[in-house]
Amino acid sequence: MNDKIDVLIKTKKWLDKYFNYEKPKTDELPLAPIGSEFRQRVWKILCEIPYGEVTTYGDIAKRLIKDTGKTSISAQAVGNAVGHNPISIIIPCHRVIGANGNLTGYAGGLDKKIQLLKIEKINVDKFFKPKKGTAL
């Protein structure tokens, strides 16, 4: 029981630091999200996106191709894995945008994604909300 309470206390401290602009790192918490090997790889990459920076689904796909030796991985497959991130904010899926600055979806809603990016002092004016049916 104490281990569970310790994790909750550490998580609260982590979130307090995050919302106070203190740039906590994901490795400060004992994360163990459950998912397929592909999702685990994507989530690991998400954890490596620096605070205050963004990347694209396509860039993550390119990195996975390089890391795995596969010939192709679609941005949509990456988007699916990102969308199944069970620990949003801590595993920073809000730092992933679509091609050309498209903010794409976020489980908590695009307004929340925008607010999280603003907390990290990312200029969101260069991004745009997608129209329905737009690709990653």
Side-chain angles (χ1 to χ4, degrees):
M1 185 71 151
N2 279 343
D3 288 343
K4 291 179 183 180
I5 292 171
D6 289 344
V7 167
L8 291 174
I9 291 168
K10 285 179 183 178
T11 302
K12 182 191 179 307
K13 287 180 182 177
W14 191 99
L15 289 167
D16 287 343
K17 284 170 42 175
Y18 180 84
F19 287 111
N20 283 308
Y21 310 96
E22 294 179 31
K23 304 179 185 180
K25 296 185 187 310
T26 56
D27 63 4
E28 294 176 24
L29 295 171
L31 303 178
I34 297 171
S36 68
E37 180 182 340
F38 180 76
R39 287 181 180 173
Q40 295 282 340
R41 285 179 183 269
V42 171
W43 299 336
K44 181 179 181 297
I45 291 170
L46 295 180
C47 290
E48 295 168 2
I49 304 168
Y51 182 101
E53 295 182 26
V54 295
T55 193
T56 67
Y57 297 94
D59 287 339
I60 292 173
K62 288 175 192 169
R63 173 153 172 212
L64 288 166
I65 289 168
K66 182 181 170 192
D67 291 351
T68 63
K70 294 190 179 206
T71 56
S72 70
I73 295 174
S74 73
Q76 288 80 8
V78 171
N80 184 280
V82 170
H84 283 87
N85 170 11
I87 314 174
S88 293
I89 302 176
I90 295 169
I91 296 179
C93 52
H94 59 278
R95 295 179 188 154
V96 184
I97 60 171
N100 302 317
N102 184 343
L103 286 172
T104 69
Y106 183 69
L110 287 182
D111 292 337
K112 299 288 187 294
K113 181 173 188 162
I114 290 167
Q115 290 305 313
L116 292 170
L117 294 173
K118 284 180 176 180
I119 285 171
E120 298 185 26
K121 307 228 184 300
I122 295 171
N123 179 4
V124 296
D125 294 338
K126 59 187 174 184
F127 306 131
F128 63 94
K129 289 184 180 181
K131 296 177 182 151
K132 283 199 173 223
T134 55
L136 299 173

Notebook entry, point to check: Can you list the residues that meet the salt bridge (Lys or Arg N to Asp or Glu O under 4.0 Å) rule with E28, with sequence neighbours excluded?
Noted result: K17
Notebook entry, point to check: Can N85 and I87 be said to form a side-chain contact (heavy atoms from CB on, under 4.5 Å), step by step?
Noted result: CA-CA 6 Å; N85 170 11; I87 314 174; 4.1 Å; yes
Check: V96 and side chain to side chain contact (heavy atoms under 4.5 Å, CB included): which partner among T56, L46, L103, V54?
Finding: L46
To the nearest 0.5 Å, what is the distance between [atom1] ([X]) and [atom2] ([Y])?
X    : Y    : atom1 : atom2 : result
I49  : I91  : CD1   : CD1   : 11.0 Å
E48  : I60  : CD    : CD1   : 10.0 Å
I122 : E120 : CD1   : CD    : 5.0 Å
I119 : F19  : CD1   : CZ    : 5.0 Å

Notebook entry, point to check: Is it true that D16 and K12 have a side-chain N and a carboxylate O under 4.0 angstrom from each other?
Noted result: yes
Note to self: Main chain of C93, side chain of W43: is a donor-acceptor contact present, judged purely on distance under 3.5 Å?
What the structure shows: no
Next item on the list: Tell me, with the steps shown, if Y18 and L116 meet side-chain contact (heavy atoms from CB on, under 4.5 Å).
Entry: CA-CA 10 Å; Y18 180 84; L116 292 170; 3.8 Å; yes
Next item on the list: With K112 as the cation and Y106 as the aromatic partner, state whether NZ or CZ is under 6.0 Å from the six-membered ring centre and within 45° of the axis.
Entry: no
Counting heavy atoms not belonging to [X], are there more than 12 under 6.0 Å from its [atom1]?
X   : atom1 : answer
N20 : CG    : yes
L8  : CG    : yes
E37 : CD    : no

For a quick test of reading the model, state the closest non-hydrogen atom pair linking [X] to [Y] and the distance between them.
X   : Y    : result
P30 : V7   : CG-CG2, 4.1 Å
Y57 : T104 : OH-OG1, 3.0 Å
A81 : F38  : CB-CE2, 3.9 Å
P33 : L31  : CD-C, 3.6 Å
N80 : R39  : OD1-NH2, 3.3 Å
I65 : K70  : CG2-O, 3.0 Å

Would you call [X] and [Y] a side-chain contact if the rule is heavy atoms closer than 4.5 Å?
X    : Y    : value
K129 : I114 : yes
P92  : T26  : yes
I73  : T68  : yes
K10  : K13  : no

